[in-house]
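What follows is a short report on a single structure.
All values below come from the heavy atoms of this structure, side chains included, with hydrogens, waters and symmetry mates left out.
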Amino acid sequence: MTDPLVGFGPAARAKVLVLGSVVSLPEPLRSLNLEHVSPAQLQGPGISHRPANAVTEENRRIALLRRWFFARKPDAGFVLTDFPATLLQAKVFDEWLDARDESLSAVIAGKHAPAVLVEHYRSLGLLQESSGFAGI
């Protein structure tokens with residue numbers, strides 16, 4: 001079996017997106033010594049509040065991830081799941097990467113990844129086939 005992470009460069013600097021929700025990361029990604037991040041993890045239990053409208057929730061999610069992204073060291077790698085979830089979020093994330101002169105190592109599409117996101121990252125040449133990532 002070939003290693004799906006070949007070509008990422010130094011593993012500690014790999015920046016990987018996993019599109020769509022996943023129950024658990026596959027072994028090749030879990031074994032990397034990288035920060036594993038998701039919006040739900042960053043939000044934590046928090047204070048309960050009335051459900052907001054979709055636009056407010058979208059803005060809250062983007063703001064939460066923006067704080068995390070710009071607070072981390074530029075050369076630190078990560079595995080990011082559940083974000084971006086929309087094409088708008090993907091384009092915003094692309095702008096953040098450009099602003100810090102960073103790039104993704106790879107994007108892996110889970111089973112339930114939105115087709116528009118899969119196509120977006122495929123067109124950028126970042127989408128990895130998930131055959132080497134059993135369980136995604």
[X]: partners by side chain to side chain contact (heavy atoms under 4.5 Å, CB included), with sequence neighbours left out:
X	value
Ser103	none
Arg72	Lys15, Trp68, Phe69, Phe78, Arg100, Glu102
Ile62	Glu58, Phe83, Gln89, Val92, Trp96

Problem - Thr81 side chain reached by Pro39 side chain, heavy atoms, under 4.5 Å - result: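 Pro39 does not reach Thr81 side chain to side chain.
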Heavy atoms only: give me the nearest [X]-[Y] pair and the separation to one decimal.
X	Y	answer
Asp82	Ser38	OD2-CB, 4.0 Å
Pro114	Ala85	CG-O, 3.8 Å
Ala90	Pro84	N-CB, 3.4 Å
Ser105	Ala14	OG-CA, 3.3 Å

Practice task
Could you walk me through whether Ile108 and Leu19 pass the side-chain contact (heavy atoms from CB on, under 4.5 Å) test, one step at a time?
Solution key: CA-CA 6 Å; Ile108 302 162; Leu19 302 176; over 6 Å; no
Exercise for the section: Output, in order, the C-alpha distance, side-chain angles, deciding distance and verdict of side-chain contact (heavy atoms from CB on, under 4.5 Å) for Val16 and Leu80. Expected result: CA-CA 6 Å; Val16 181; Leu80 180 58; over 6 Å; no
Exercise for the section: Applying side-chain contact (heavy atoms from CB on, under 4.5 Å), run through Leu127 and Val118 and close with a yes or a no. Expected result: CA-CA 7 Å; Leu127 191 69; Val118 171; 3.5 Å; yes
Practice task
Among Asp98, Leu65, Leu88, Leu104, find the one that has a side-chain contact (heavy atoms from CB on, under 4.5 Å) with Phe93.
Solution key: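 In the set Asp98, Leu65, Leu88, Leu104, the residue that makes a side-chain contact (heavy atoms from CB on, under 4.5 Å) with Phe93 is Leu104.
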Practice task
Might you confirm whether atom CG of Asp101 has over 12 heavy atoms from other residues, nucleotides or ligands at distances under 6.0 Å?
Solution key: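 No, the 6.0 Å shell around CG holds no more than 12 heavy atoms from other groups.
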Practice task
Give a yes-or-no answer on whether the side chains of Thr56 and Asn53 include a donor-acceptor pair shorter than 3.5 Å.
Solution key: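 Yes, because at least one side-chain N or O of Thr56 sits under 3.5 Å from a partner of the opposite role on Asn53.
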Handout entry: By side-chain hydrogen bond (donor to acceptor under 3.5 Å, both in side chains) - contacts of Asp94 (at least two apart)
Key =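 With sequence neighbours excluded, Asp94 shows a side-chain hydrogen bond (donor to acceptor under 3.5 Å, both in side chains) to His120, given in chain and number order.
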